[in-house]
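Throughout, protein chains are lettered first and strands after them, A, B, ... in sequence-line order, and every chain is numbered starting at 1.
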Amino acid sequence: MTDEAPEPRWRVRLRRASRHGGFVAGASVILVIVLMAILAPLLMPHDPYLQDLSKRLLPPVWDAAGSWTHPLGTDHLGRDFLSRLILGSRISLLVGVSATLIAGLVGATLGLIGGYFGGRVDAVIMYVIATRLSLPGILTALALLAVVKGSLVSVIAVLGFLLWDRFALVVRSATQQVRAQDYVAAAIAVGSTQARILKREVLPNVMSPLIVVATLEMAAAILAEASLSFLGLGLPPPNASWGLLVSEGRNFMFFKPYLIVLPGALIIVLVIAINALGDGLRDLASPIDSGDD
Amino acid sequence: MLHVVLTRFVVAILVAVTVSVVGFSLLRLSGDLAAELAGEGATPAEIESARVKHGLDRPLLVQFARWSRDLASGDLGRSLFSGEPVADMILSRLPVTLQLAVYALILSVVIGIPLGMIAAMHPRSWIDRLSLITAVLGQAVPSFWLALVLIVVFGVLLRWTPISGSDTWAHFILPTATLAASSLPGLMRLTRSGMLEALSTDYVRTARAKGLAERTLMAVHALPNALLPVLALAAVQLGTLLGGSVIVESVFALDGIGLLAYRSILRGDFPVVQSILIFVALAYTALTLLADVANALIDPRIRLG
């Protein structure tokens with residue numbers, strides 16, 4: 001990158017990204033699932049909520065008795081299983097993105113304040129983080145959802161306010177490092193306000209660890225939503241959450257294992273893809289391309 | 001060092017108090033406690049008398065003071081559902097959860113640490129790849145789903161293990177495996193990165209240069225340094241496993257505090273839920289404190305610093 005006519009930055013980044021196998025694979029899978037969520041109305045062969053008790057538990061197409069009318073058969077209420085699987089991508093992505101945004105906002109704010117100001121302010125922030133960490137995640141979420149009742153909004157809110165701890169820790173230590181740099185001292189010397197320093201000097205420098213944590217937490221939020229819905233306190237029926245589909249298929253899993261295998265596999269694939277994207281972003285953000293872990 | 005330990009201790013006490021306040025608020029927010037205590041179909045007069053009897057007509061601060069006094073003396077109130085003392089309910093189920101958490105931790109340590117070590121000693125070998133795949137899957141497979149798949153495969157298709165209940169040790173096999181799957185990746189990756197770091201230090205290079213046997217090198221120089229943070233994580237994970245067993249216990253109908261918490265949540269038995277939450281949070285706080293203190297005692301940089 002020391003050529004006479006340097007390539008534009010974005011093209012260098014794109015070239016490096018396109019060579020990173022994990023990043024490309026993760027991004028492609030996520031793209032497919034995002035498209036599935038956006039185009040769900042076009043892709044779903046049937047109304048995912050339409051119950052027809054005369055068509056309960058129809059077999060999938062690979063079964064001798066299956067047909068292409070319902071490629072993956074129907075569930076215990078006669079609803080088209082493929083349509084419900086497709087619709088489930090919307091819930092996972094929506095919960096993953098929204099809960100991560102809330103958690104990121106809460107955690108990054110606390111981490112910035114603690115890391116920048118240090119001293120007593122930092123001690124208070126550390127105590128808040130320690131309190132949050134002591135509360136068992138799923139158990140606390142279940143108890144809160146039992147009080148406020150599960151819905152898309154309440155699940156997002158509860159997860160957003162439970163998953164901010166890693167954001168806070170990472171942003172705090174990154175801020176402490178940036179805080180000690182000469183350019184921050186220089187900014188203070190030329191009379192920048194604290195708000196300006198936080199926004200102009202500190203925030204851009206903590207962005208890359210923030211994005212990596214965001215991918216981890218998005219994966220965690222998707223897993224947590226599925227678990228809560230599976231346990232019956234997340235999204236209530238007739239929602240098509242993948243966790244709820246597993247819970248509904250549970251009674252039939254000995255005869256029709258695909259009813260739990262398929263929604264579970266989708267969760268796993270999405271989570272692995274998000275983690276791969278995160279690992280890729282971390283590798284690409286570090287200036288030394290070690291190519292290992 | 002005294003300073004480090006003292007600070008941790010003060011924070012732990014503050015956290016314990018805060019968690020108790022959170023638990024107390026959860027119970028008050030969950031609905032009208034007096035109506036719950038008076039039972040279903042109680043007349044307004046009965047509800048009022050229950051309110052006075054249990055002191056729920058007093059100011060919140062007075063209620064909280066009384067409640068914390070009871071909590072400190074081990075009185076966690078009674079279940080709204082069965083009338084049983086909550087402390088007894090928790091204590092009678094604690095052994096099951098403790099066994100499960102300890103088994104799962106042992107399993108992850110016994111597999112995770114050697115795997116992480118070997119992976120670090122032979123980067124990019126098949127065992128390193130295996131450790132990476134295990135970590136990736138361990139982070140991505142939801143435990144409720146893994147539990148069901150294990151039930152179908154080992155309990156029903158192969159008929160090797162029982163699939164629900166907690167009567168014999170065999171009942172713990174599948175739950176332990178499920179729970180360990182969530183704690184293993186972290187321990188393994190931390191061992192691996194700790195070893196890699198230790199192996200790249202100057203003192204290891206020096207030891208190697210003076211011709212120290214590879215085995216002595218690992219045992220004396222690399223391993224102790226790599227394992228310090230792993231031990232701390234193991235202590236913390238024991239706390240996480242205590243609270244994280246709710247999913248595993250409910251899928252396998254394992255009668256521990258996780259299943260008790262889940263059932264109590266479903267039937268709105270908030271005195272029980274609140275007590276379990278506080279109990280798990282206190283256990284977690286105590287374990288992290290223990291890990292910090294042990295770390296300070298072992299690590300000369302902190303001990304002498």
Point to revise | Residue part contacting chain A, namely of B:Leu282, when any heavy atom lies under 4.5 Å | key: neither

Review point. With sequence neighbours left out, which residue pairs that include part of residues 132-143 of chain A fulfil the salt bridge (charged side-chain N to carboxylate O under 4.0 Å, His left out) condition?
Key: A:Arg132-A:Asp165

Check your understanding: Is A:Phe117 atom CZ crowded by more than 12 heavy atoms from other residues, nucleotides or ligands, each under 6.0 Å away?
Key -> yes

Exercise for review: Heavy-atom distances under 4.5 Å only: say whether B:Gln139 touches chain A with side chain, backbone, both or neither.
Suggested key: both

Exercise for review: Against chain B, label A:Ala219 side chain, backbone, both or neither, depending on which of its atoms sit under 4.5 Å from a heavy atom there.
Suggested key: neither

**Study point:** Residue B:Arg129 excluded, over 12 heavy atoms near CZ under 6.0 Å
**Key:** no

Point to revise | Atom CH2 of A:Trp62: over 12 foreign heavy atoms under 6.0 Å | key: yes

Revision key, fill the gap. Here the gap from B:Leu287 atom CG to A:Ser134 atom OG, rounded to the nearest 0.5 Å, amounts to 12.0 Å

Point to revise | Heavy-atom neighbours of B:Arg263 CZ exceed 12 at 6.0 Å | key: no

Exercise for review: Report, as yes or no, whether the 6.0 Å neighbourhood of atom CD on B:Glu197 holds more than 12 heavy atoms from other residues, nucleotides or ligands.
Suggested key: no

Study note, to complete from the structure: Most heavy-atom pairs under 4.5 Å with chain B, out of A:Val271, A:Val269, A:Ile268, belong to A:Ile268

Point to revise | Criterion side chain to side chain contact (heavy atoms under 4.5 Å, CB included) on A:Ile272 and B:Leu137, from CA distance to verdict | key: CA-CA 8 Å; A:Ile272 290 181; B:Leu137 284 178; 4.0 Å; yes

Study note, to complete from the structure: Per side chain to side chain contact (heavy atoms under 4.5 Å, CB included), A:Leu223 is matched among B:Ser143, B:Pro142, B:Ser182 by B:Pro142

Point to revise | chain B neighbours within residues 250-258 of chain A, where any heavy atom lies under 4.5 Å away | key: A:Arg250, A:Met253, A:Phe254

Review point. When only pairs under 4.5 Å are counted, which of B:Leu148, B:Leu26, B:Val149 shares the most heavy-atom pairs with chain A?
Key: B:Leu148

Check your understanding: For A:Ile260, does its backbone N or O pair with a side-chain atom of B:Trp145 as donor and acceptor, under 3.5 Å?
Key -> yes

Practice item. Using a cut-off of under 4.5 Å on heavy-atom pairs, state which of A:Gly264, A:Ala276, A:Ala220 scores highest against chain B. Key: A:Gly264

Review point. What option among A:Leu231, A:Leu142, A:Ile138 has the most heavy-atom pairs under 4.5 Å with chain B?
Key: A:Leu231

Exercise for review: Kindly compute the distance separating CD1 (B:Ile265) from CG (A:Leu139), expressed to the nearest 0.5 Å.
Suggested key: 5.5 Å

Which atom pairs, donor and acceptor, lie under 3.5 Å between side-chain atoms of residues 239-258 of chain B and protein residues at least two apart or in another chain?
from	atom 1	to	atom 2	distance (Å)
B:Thr240	OG1	B:Val236	O	3.0
B:Ser245	OG	B:Leu242	O	3.3
B:Ser245	OG	B:Glu249	OE2	3.0
B:Glu249	OE1	B:Gly256	N	3.4
B:Glu249	OE1	B:Ile257	N	3.4
B:Glu249	OE1	B:Gly258	N	2.7
B:Glu249	OE1	B:Leu259	N	2.8
B:Glu249	OE2	B:Thr97	OG1	2.8
B:Ser250	OG	B:Val246	O	2.6
B:Ser250	OG	B:Ile247	O	3.1
B:Asp255	OD1	B:Arg93	NE	3.4

Exercise for review: Just give me the residue among A:Leu216, A:Asn275, A:Val261, A:Leu135 that pairs up with chain B most often, heavy atom to heavy atom, under 4.5 Å.
Suggested key: A:Val261

Review point. So which of B:Val11, B:Val156, B:Thr7, B:Leu146 has the biggest tally of heavy-atom pairs under 4.5 Å with chain A?
Key: B:Val156

Please list every donor-acceptor pair under 3.5 Å in which a side-chain atom of residues 13-24 of chain B meets a protein atom from a residue at least two apart or in another chain.
from	atom 1	to	atom 2	distance (Å)
B:Thr18	OG1	A:Tyr127	OH	2.6
B:Thr18	OG1	B:Leu14	O	2.6
B:Ser20	OG	B:Ala16	O	2.8

Study note, to complete from the structure: Separation between CG (A:Leu233) and CG (B:Leu266), nearest 0.5 Å, reads 5.5 Å

Point to revise | Region of A:Leu133 in contact with chain B, defined by heavy-atom distances below 4.5 Å | key: both

Check your understanding: Given that the side chain runs from C-beta out, which part of A:Ala265 has a heavy atom under 4.5 Å from chain B: side chain, backbone, both or neither?
Key -> backbone

